[in-house]
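The structure under discussion appears below in the form of structure tokens.
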Amino acid sequence: PAAPIRVLVTGAAGQIAYSVIFMIASGQMFGPHQPVILHLLDIAKMADALKGVVMEIDDGAFPLVAGVVATTDIKAAFMGIQVALLIGAFPRGPGMQRKDLLKMNASIFKEQGEALKNYASRSVKVLVVGNPANTNALTTMTQASGLPASNFSALTRLDQNRALSMIAEKVGVNVNKVKNVIIWGNHSLTQLINRFLCYNSRVPDVNSAYIQNYPSPSVITPVSTAVNDEKWIREQFIPLVQNRGAAVIAARKLSSAASAATAVVCHMRDWVLGTKDGEIVSMAVCSDGSYNVPKGLIFSFPVTCRGGEWTIVQGLKITDFIQSKIDLTIKELNEEKEAALSFLN
Ligand code: NDP
């Protein structure tokens with residue numbers, strides 16, 4: 001049998017973790033034959049709740065779980081890990097200034113970046129989920145000097161999945177027929193909009209997307225043709241994707257958790273096991289200057305994955321409308337970056 005993979009989940013007593021841990025344990029992230037050792041980290045005041053999560057892992061009797069390290073100690077949590085799902089973050093609260101949120105999170109992710117540098121496997125794959133995710137990933141990467149920039153990513157897959165599902169519903173096809181919707185830019189701040197910010201930073205782009213076997217088998221139809229309603233795309237679809245998180249909060253009185261966990265699984269599974277031929281997914285990764293995004297910014301790009309490495313898909317056509325939105329998200333991420341870096345010294 002394969003050697004177990006050591007997977008760290010932070011914020012392990014939180015909502016998203018409560019879904020994602022059980023998906024990992026049941027083999028959805030690394031496949032049905034890959035054992036895992038779960039490293040679960042939370043803060044001291046959550047230690048009891050974390051014990052309860054461990055009891056439930058035990059009670060699941062998962063054959064793939066080769067061990068559990070549940071701890072509030074950073075060193076024990078990060079020791080030897082090969083995958084890091086950084087979900088825990090300082091939550092925004094009513095009346096909280098953006099600067100304060102960035103500051104609190106800079107200190108958390110600074111410590112975790114250092115822990116990655118000191119204790120994790122050199123090939124550790126890091127996925128930051130805790131918001132503001134792109135900038136938290138940037139802080140982590142900056143502090144984990146010596147680890148390759150290609151080890152770091154942030155989650156925009158939930159936005160991608162939301163977009164795929166909305167297009168599928170509009171056209172009236174199963175979601176697995178919709179391919180290559182791209183999310184550019186930043187995942188993080190849209191949920192903040194409704195409270196105290198006014199950026200629309202994630203940019204869903206259907207201009208490279210198509211519908212497979214539609215309207216008949218072996219035919220491929222561009223999404224723009226199948227939808228045939230540019231006004232709907234600009235005025236309904238894009239805002240719906242951008243505001244979906246807030247809609248879930250309004251309905252559930254809690255933020256999305258199971259769908260966020262599903263997106264975490266999709267992101268890491270594709271990174272480790274590879275994307276399907278011809279299929280593009282979105283991951284926020286360190287920009288190499290592609291599409292004129294400033295080098296070093298953590299930015300969501302279209303990627304493919306092979307052999308555990310992601311590659312930015314080049315040469316996609318970007319319309320002026322999408323470019324104007326990308327320009328805004330670059331501006332926002334640059335501002336966040338400046339603020340976060342100013343807190344690190
Ligand atoms: P959740 O598990 O619901 O969310 C965790 C983080 O994921 C939040 O920052 C949240 O952002 C973010 N997130 C990113 N994408 C999404 C999405 N699409 N939908 C919802 N959330 C998204 O939070 P809980 O409060 O339930 O749990 C957090 C846990 O983290 C707690 O147990 C807490 O103790 C722990 N924690 C751990 C730290 C550490 O390990 N050092 C530090 C701080 C907290 P958003 O805020 O925008 O909803």
Side-chain angles (χ1 to χ4, degrees), residues 1-44 46-89 112 115-116 119-121 123-130 133 151 153-155 157-158 160-161 248 252 254-276 281 283 305 308:
I5 296 181
R6 288 183 183 271
V7 188
L8 167 66
V9 179
T10 72
Q15 277 208 83
I16 296 175
Y18 192 68
S19 282
V20 88
I21 288 168
F22 295 89
M23 293 178 175
I24 300 168
S26 60
Q28 294 179 53
M29 187 174 276
F30 304 110
H33 305 295
Q34 176 59 59
V36 291
I37 296 174
L38 295 166
H39 286 226
L40 308 178
L41 174 71
D42 214 306
I43 51 181
M46 299 301 283
D48 279 343
L50 192 55
K51 280 185 193 148
V53 173
V54 175
M55 287 183 220
E56 289 205 67
I57 297 169
D58 291 345
D59 297 351
F62 295 104
L64 292 176
V65 176
V68 180
V69 178
T71 181
T72 56
D73 177 65
I74 288 266
K75 182 174 176 183
F78 280 75
M79 191 57 76
I81 54 165
Q82 293 146 291
V83 168
L85 308 173
L86 305 185
I87 298 174
Q112 298 193 351
L116 285 164
Y119 310 125
S121 157
S123 58
V124 62
K125 288 182 165 53
V126 181
L127 167 57
V128 178
V129 179
N151 289 17
S153 69
L155 188 74
R157 186 62 171 259
L158 181 53
Q160 175 189 320
N161 286 348
V248 173
R252 235 169 70 86
L254 283 171
S255 59
S256 42
S259 55
T262 303
V264 169
V265 170
C266 292
H267 176 118
M268 193 53 76
R269 184 199 58 212
D270 283 352
W271 192 358
V272 173
L273 301 178
T275 45
K276 296 191 194 104
V281 298
M283 285 170 66
C305 303

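Here the structure is a predicted model, which means the values were calculated and not measured.
Taking the side chain as every heavy atom from C-beta outward, Phe30 and Val7 approach each other to under 4.5 Å. The shortest distance between side-chain heavy atoms of Gln112 and Val126 does not fall below 4.5 Å. Looking only at side-chain heavy atoms (C-beta outward), Val36 and Phe62 stay at 4.5 Å or farther from each other. Two residues are said to be in side-chain contact when any heavy atoms from C-beta on lie closer than 4.5 Å; Ile57 and Leu40 meet this criterion.
Taking CG of Leu127 as the reference point, atom CG of Leu8 lies at 11.0 Å (rounded to 0.5 Å). A distance of 6.0 Å separates CZ in Arg269 from CZ in Arg157, rounded to the nearest 0.5 Å. Taken to the nearest 0.5 Å, the CG atom of Leu85 stands 4.5 Å off from the CE atom of Met29. Separating the CG atom in Leu155 from the CD atom in Gln160 is a distance of 10.0 Å, to the nearest 0.5 Å. Expressed to the nearest 0.5 Å, how far CZ of Arg6 lies from NE2 of His39 amounts to 4.0 Å. Ser256 contributes atom OG, which lies 6.5 Å from atom CD1 of Ile16 (distance to the nearest 0.5 angstrom).
Shown here for Asn151 and Trp271, the closest heavy-atom pair between the two residues is O-CH2, 3.3 Å. Heavy atoms only, all atoms of each residue included: Thr72 and Ala44 are closest at CG2-CA, 3.9 Å. Taking both residues in full, the closest heavy atoms of Ala89 and Gly130 are given as CB-CA, 3.6 Å, listed atom of the first, atom of the second, then distance. Considering all non-hydrogen atoms of both residues, Ala120 and Ile81 come closest at CB-CG1, 3.7 Å.
Partners of Gln82 according to the side-chain hydrogen bond (donor to acceptor under 3.5 Å, both in side chains) rule, which considers only residues two or more places apart in sequence or in another chain, do not exist here.
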TODO: Kindly indicate, with the supporting measurements, whether the criterion side-chain contact (heavy atoms from CB on, under 4.5 Å) is fulfilled by Asn161 and Cys266.
DONE: CA-CA 9 Å; Asn161 286 348; Cys266 292; 3.9 Å; yes

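The side-chain contact (heavy atoms from CB on, under 4.5 Å) test with Ile24 singles out one residue from Val9, Val65, Ile5, and that residue is Val9.
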